[in-house]
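Take a look at the structure set out below.
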Amino acid sequence: MKLEITEIILKKDHFPCVLKKVEGQILKKYFKADETFIKNRCNRNHIDDLEFRYIYKEDEDVFILIEEYLFKENEAILNLENAIGVNYYLNKTTKN
């Protein structure tokens with residue numbers, strides 16, 4: 001596991017957890033986009049949010065990074081240029 005990832009993950013005492021923006025941006029560099037999440041998102045009838053999911057697998061552990069963009073209430077056009085912020089969440093699961 002990369003040192004930067006290890007440092008961030010070891011600081012967390014529980015999962016799921018909220019990450020600082022900087023931590024989320026660092027993890028995003030190493031995690032891969034979750035293709036299943038993207039495929040299922042395209043099949044939804046309404047896409048009314050901007051949320052992205054990334055995966056990192058290490059031995060038996062699977063780490064899931066959620067990137068959620070924030071918008072003003074009643075924002076008509078949801079794109080990254082209109083976002084007023086971003087939140088990052090990290091979860092951990094174990095392969096069976």
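For the numbers below, each heavy atom of this structure counts, side chains included, while hydrogens, waters and symmetry mates do not.
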Are any side-chain N or O atoms of Asp59 and backbone N or O atoms of Asp61, one a donor and one an acceptor, separated by less than 3.5 Å?
no
From Ile66 atom CD1 to Glu51 atom CD, the distance as rounded to the nearest 0.5 Å
5.0 Å
Between Leu50 and Phe52 the two heavy atoms that sit nearest each other are CD2-CZ, 4.2 Å
Output the distance between atom CD (Glu4) and atom CD1 (Ile9), rounded to the nearest 0.5 Å.
12.0 Å
Within 6.0 Å of NZ in Lys29, more than 12 heavy atoms from elsewhere:
yes
Partners passing ring pair (Phe, Tyr, Trp, His ring centres under 6.0 Å) against Tyr54 (at least two apart in sequence or in another chain):
none
With a 3.5 Å cut-off and sequence neighbours excluded, list the donor-acceptor pairs that the side chains of residues 12-24 form with protein atoms.
{"unit_1": "Lys12", "atom_1": "NZ", "unit_2": "Glu23", "atom_2": "OE1", "d": "3.2"}
{"unit_1": "Glu23", "atom_1": "OE1", "unit_2": "Lys20", "atom_2": "N", "d": "3.0"}

By side-chain contact (heavy atoms from CB on, under 4.5 Å), which residues pair with Glu81, not counting sequence neighbours?
Asn79
Which atom pairs, donor and acceptor, lie under 3.5 Å between side-chain atoms of residues 83-92 and protein residues at least two apart or in another chain?
{"unit_1": "Asn87", "atom_1": "ND2", "unit_2": "Tyr89", "atom_2": "OH", "d": "3.4"}
{"unit_1": "Tyr88", "atom_1": "OH", "unit_2": "Glu67", "atom_2": "OE2", "d": "2.9"}
{"unit_1": "Tyr89", "atom_1": "OH", "unit_2": "Glu68", "atom_2": "OE1", "d": "3.2"}

Please determine whether residues Ile26 and Phe63 belong to a single hydrophobic cluster, defined as Ile, Leu, Val, Met, Phe, Trp and Tyr linked transitively by side-chain heavy-atom distances below 4.5 Å.
yes
For Lys57, all residues meeting side-chain contact (heavy atoms from CB on, under 4.5 Å), sequence neighbours excluded
Ile55, Val62, Lys95
Among residues at least two apart in sequence or on other chains, which ones pass ring pair (Phe, Tyr, Trp, His ring centres under 6.0 Å) with Phe31?
Tyr56
One should read off an interatomic distance between Leu3 CG and Ile8 CD1, to the nearest 0.5 angstrom, of 10.0 Å
Test of understanding: with side chain to side chain donor-acceptor pair (under 3.5 Å), list the residues that count as partners of Gln25, not counting sequence neighbours.
none
